[in-house]
Amino acid sequence: MSTNGQRPRLNVVIASTRPGRVGEQVAQWFVPIAQEHAGFDVTLTDLAVLGLPLLDEPMPAIERLPYTHEHTRRWSTTVAASDAFVFVMAEYNQGYAASLKNALDFLYPEWAYKAVGFVSYGMSSGGLRAQAALRPVVTALKMVPVAHTVVMHLRETLDPQGKLTPAPRMADTAKEMLDELARMTGALAPLRA
């Protein structure tokens, strides 16, 4: 539960901003599963739409000073209002998108004591290497990554026309991740209060 007695707020974040990205299709597949889960009130944030510039705040976010820029204040409000996150993330060159690192680095206290899950996609590893690279970053922000993740191998999930066609078992994996995310979000609620 969130600290206000309502369902926890899950923010699904499309991390890639690359034109032609598969992330939008992956999010369109995942968000209805999260909504049907009924453990969360679900919102979607697309970093391409958010349009954060390369980190331009003059002071480090850990200083907890008032933010200089309106785009940072809006992002801060969005993140602070969320109880948990799922990052829909591509793997690029064995890492995650720079747009996600940038979005994370804009803030610090707003991320603390929030559970995070990963829905990753890529060609060779399905995004597993990107997940591995991201775990120490979110942990440094005092987030708690859940063990269950969704991994999409694009060679298996994209048809010849580029349409996402995940196997039905992937929805079961997503539900397992959401179950764990809900449990962890509830356990962390006193720390966020």
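All heavy atoms count here, side chains included; hydrogens, waters and symmetry mates do not.
Interatomic distance, Leu128 CG to Thr149 OG1, rounded to the nearest 0.5 Å: 6.0 Å. Atom CZ of Phe87 and atom CG of Leu134 lie 6.5 Å apart (nearest 0.5 Å). Here Leu100 contributes atom CG and Ile14 contributes atom CD1; the two are 12.5 Å apart, rounded to the nearest 0.5 Å. With rounding to the nearest 0.5 angstrom, the OG atom of Ser99 is 10.5 Å from the CE atom of Met89. Here CG of Asp172 is found 9.0 Å from CD1 of Ile33. Values are rounded to the nearest 0.5 Å. Atoms OH and CZ, from Tyr92 and Arg21 in turn, are 8.5 Å apart once rounded to the nearest 0.5 Å.
Under the 4.5 Å side-chain heavy-atom criterion for ILVMFWY residues, no single connected hydrophobic cluster contains both Leu104 and Val86.
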> Would Thr173 and His148 satisfy side-chain contact (heavy atoms from CB on, under 4.5 Å), going step by step from the backbone distance to the final call?
Replying inline: CA-CA 8 Å; Thr173 302; His148 282 88; 5.8 Å; no

> Please walk me through it: do Phe106 and Asp56 pass side-chain contact (heavy atoms from CB on, under 4.5 Å)?
Replying inline: CA-CA 8 Å; Phe106 259 92; Asp56 64 350; 3.5 Å; yes

>> Using side-chain contact (heavy atoms from CB on, under 4.5 Å), reason through Glu24 and Asp46 one step at a time and then give a plain yes or no.
In response: CA-CA 8 Å; Glu24 287 178 289; Asp46 185 343; 4.2 Å; yes

>> Checking Val22 against Met152 for the side-chain contact (heavy atoms from CB on, under 4.5 Å) test, could you report, in this order, the C-alpha distance in whole Å, the side-chain angles of both residues, the deciding distance, and whether it holds?
In response: CA-CA 11 Å; Val22 177; Met152 289 193 175; over 6 Å; no

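Nearest heavy atom pair, residue Lys142 against residue Tyr108, reads CE-OH, 3.5 Å. Heavy-atom minimum distance, Leu44 versus Ala27: CD1-CB, 4.1 Å. Between Ser125 and Glu91, the shortest heavy-atom distance links the atoms OG-OE1, 2.7 Å. Shown here for Met177 and Gly117, the closest heavy-atom pair between the two residues is SD-CA, 4.0 Å. Considering every non-hydrogen atom in both Ala115 and Leu188, the closest pair reads N-CD1, 3.7 Å. Between Lys114 and Phe85 the shortest heavy-atom distance is CD-CE1, 3.8 Å.
For the residue pair Tyr96 / Ser120, no side-chain donor-acceptor distance below 3.5 Å is found, with atom types taken as modelled.
Only one option out of Thr45, Asp41, Asp83, Thr78 pairs with Asn11 in a side-chain hydrogen bond (donor to acceptor under 3.5 Å, both in side chains); it is Thr45.
The side-chain heavy atoms of Leu164 and Gln28, taken from C-beta on, include no pair separated by under 4.5 Å.
Using a cutoff of 4.0 Å between basic side-chain nitrogens and carboxylate oxygens, Glu70 and Arg73 are scored as salt-bridged.
Other residues, nucleotides and ligands place no more than 12 heavy atoms under 6.0 Å from the CG atom of Asn93.
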